[in-house]
Amino acid sequence: MRNDDYYMELNESIVLMDKRTEGPGDARFHFHEDYEIFLFLEGDVDLYIEQSVHHMQRGHLAVFNDREIHRACHYGKIPFHRIAIHFHPRLVHGMCTPATNLLGCFQNHRPGKDNVILLSEEQTETLLCMNEKLRQASQSEKYGSDVLMTACLAELLVYVNSLYRDFKQEQPAAADKTIGAVMDYIDANLSPELSLQSIAACFSIDRYYLSHLFRQQTGSTLYQYILIKKIAAAKQYLLDGKTVTETCYLSGFNDYNNFIRTFKKMTGVSPGHYSRVQRAK
């Protein structure tokens, strides 16, 4: 493994990544089971978050919670270099106080809004130094290294939240009005009847043109986008205490077995297991 490419799992709660990608790449929309801090360092990349798109430059910092879908499109002209820190929020809950919510910048915004800010070079270097401290603490086998690792994460989260409190968020590029309206419609109408044909009819648009335009604007098929939005909604219903059966129909599936298969394919676990784990936290 190259020195500048490391990927480590820490107590199954923290994952650190420093990654370079040489060639072009176009990730699908996805979400994670944890929270993510994403620091962009180099590349020709568009970052899509829900309905927003940002053309990235060095120092762009983005945060995602566990229900925000996003994707990065790398055009491959120069290497794509980024730092990412993934952590389970349960690791941080005990460190929050009434005056200091270390999860605030991940939770206190509408999905896809106010995720991205642009740091100065000094702030970027400060964040890189904090990331390196966290990496070194994670590799140490000395007494107290687990406590120091958690303390480094807390220090980093205090800094990141302070940046978001002090900075005006980066304004995303304007999305195509039709596609923006379609995405809003999908969010408000997750149901078994939702399809390319029904959406095209609602907007009085040729379905083939809509399919082409949606993929051109988002890099995703309309079908795949609807599916991942349904699973994101299902996760929220399960977190809210709904049963698996209730969640199946509330999130827009009309076939229970298909819901189970799709949820497990997209999240890695069954909805029942996901619900039990969330209740145990």
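By convention here, the first residue in the shown sequence is residue 1.
- In this structure, the side chains of P79 and T21 stay at 4.5 Å or more apart for every pair of heavy atoms.
- Under the side-chain hydrogen bond (donor to acceptor under 3.5 Å, both in side chains) criterion, T245 pairs with no residue at all, not counting sequence neighbours.
- Considering only heavy atoms from C-beta on, Y274 stays 4.5 Å or farther from K264 through its side chain.
- Residues meeting the side-chain hydrogen bond (donor to acceptor under 3.5 Å, both in side chains) test with E122, sequence neighbours left out: none.
- By the 4.5 Å heavy-atom criterion applied to side chains, H60 and I117 are not counted as neighbours.
- Taking the side-chain hydrogen bond (donor to acceptor under 3.5 Å, both in side chains) definition, one finds that Y256 meets it with nothing, sequence neighbours left out.
- Partners of F203 under the ring-ring contact (aromatic ring centres under 6.0 Å, His included) rule, at least two apart in sequence or in another chain, are Y185.
- Under the ring pair (Phe, Tyr, Trp, His ring centres under 6.0 Å) criterion, no residue pair touches residues 114-162, with sequence neighbours excluded.
- L134 CG to C129 SG: the interatomic distance, rounded to the nearest 0.5 Å, is 13.0 Å.
- A distance of 9.0 Å separates CD of Q123 from CG of L118, quoted to the nearest 0.5 Å.
- With sequence neighbours excluded, no residue forms a ring-ring contact (aromatic ring centres under 6.0 Å, His included) with F31.
- The side-chain heavy atoms of L128 and T124, taken from C-beta on, include a pair separated by under 4.5 Å.
- In this structure F40 satisfies the ring-ring contact (aromatic ring centres under 6.0 Å, His included) test together with F80, sequence neighbours excluded.
- Of all heavy-atom pairs between T247 and F259, the closest is CG2-CZ, 3.8 Å.
- With values rounded to the nearest 0.5 angstrom, L39 atom CG is found 6.0 Å from L61 atom CG.
- No side-chain donor-acceptor contact under 3.5 Å links K77 to the backbone of D44.
- A donor and an acceptor atom, one from each side chain of H88 and D34, are nowhere located under 3.5 Å apart.
- Note on residues 55-70: pairs passing salt bridge (Lys or Arg N to Asp or Glu O under 4.0 Å), not counting sequence neighbours, are R58-E121, R58-E125.
- Between the side chains of Y75 and D46, at least one donor N or O lies within less than 3.5 Å of an accepting N or O.
- Sorted by first and then second residue, the ring pair (Phe, Tyr, Trp, His ring centres under 6.0 Å) pairs with a member in residues 96-130 read Y35-F106, F87-F106; sequence neighbours excluded.
- Proximity of a side-chain donor or acceptor of S275 to a complementary backbone N or O of P271 within less than 3.5 Å is not detected.
- Side-chain contact between F253 and I231: present, with at least one pair of heavy atoms (C-beta onward) separated by less than 4.5 Å.
- With respect to R82 and E42, no salt bridge is recorded, no charged nitrogen being found less than 4.0 Å from a carboxylate O.
- Listed by first then second residue, pairs satisfying salt bridge (Lys or Arg N to Asp or Glu O under 4.0 Å) with a partner in residues 235-244 read E33-K235, not counting sequence neighbours.
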Inset, instruction - Would you sort out whether K113 and E50 count as a salt bridge (charged side-chain N to carboxylate O under 4.0 Å, His left out), showing the intermediate values? - result: CA-CA 8 Å; K113 306 294 184 182; E50 297 282 342; over 6 Å; no
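- Distance check, rounded to the nearest 0.5 Å: CG of L210 to CD1 of I205 gives 5.5 Å.
- Here CD1 of I228 is found 12.0 Å from OG1 of T262. Values are rounded to the nearest 0.5 Å.
- Panel note: side chain S211, backbone Y208; no donor-acceptor pair is recorded below 3.5 Å.
- More than 12 heavy-atom neighbours from other residues, nucleotides or ligands sit within 6.0 angstrom of NE2 on H93.
- Counting heavy atoms from C-beta outward, L47 and I49 have side chains that approach closer than 4.5 Å.
- Among all heavy-atom pairs drawn from F29 and S220, the shortest one is CD1-CB, 3.5 Å.
- Residue pairs meeting the salt bridge (Lys or Arg N to Asp or Glu O under 4.0 Å) criterion with at least one partner in residues 183-212, sequence neighbours excluded, are D187-K229.
- With rounding to the nearest 0.5 angstrom, the SG atom of C202 is 13.0 Å from the CD atom of Q197.
- Ring orientation note: the planes of H32 and H70 are tilted relative to one another, at an angle of 30° to 60°.
- Between the side chains of Q224 and T221, no donor N or O sits under 3.5 Å from an acceptor N or O.
- Annotation: side chain of I14 is not in contact with side chain of T150 (no heavy-atom distance under 4.5 Å).
- Closest approach of L41 and I83 over heavy atoms only: CD1-CG1, 3.7 Å.
- The nearest pair of heavy atoms linking S145 to S140 is OG-O, 3.2 Å.
- Defined by atom type and a distance below 3.5 Å, a donor-acceptor pair is missing between the side-chain atoms of H54 and N115.
- Between V160 and C105 there is a side-chain heavy-atom pair separated by less than 4.5 Å.
- By the side-chain hydrogen bond (donor to acceptor under 3.5 Å, both in side chains) test, Y48 pairs with no residue at all, sequence neighbours left out.
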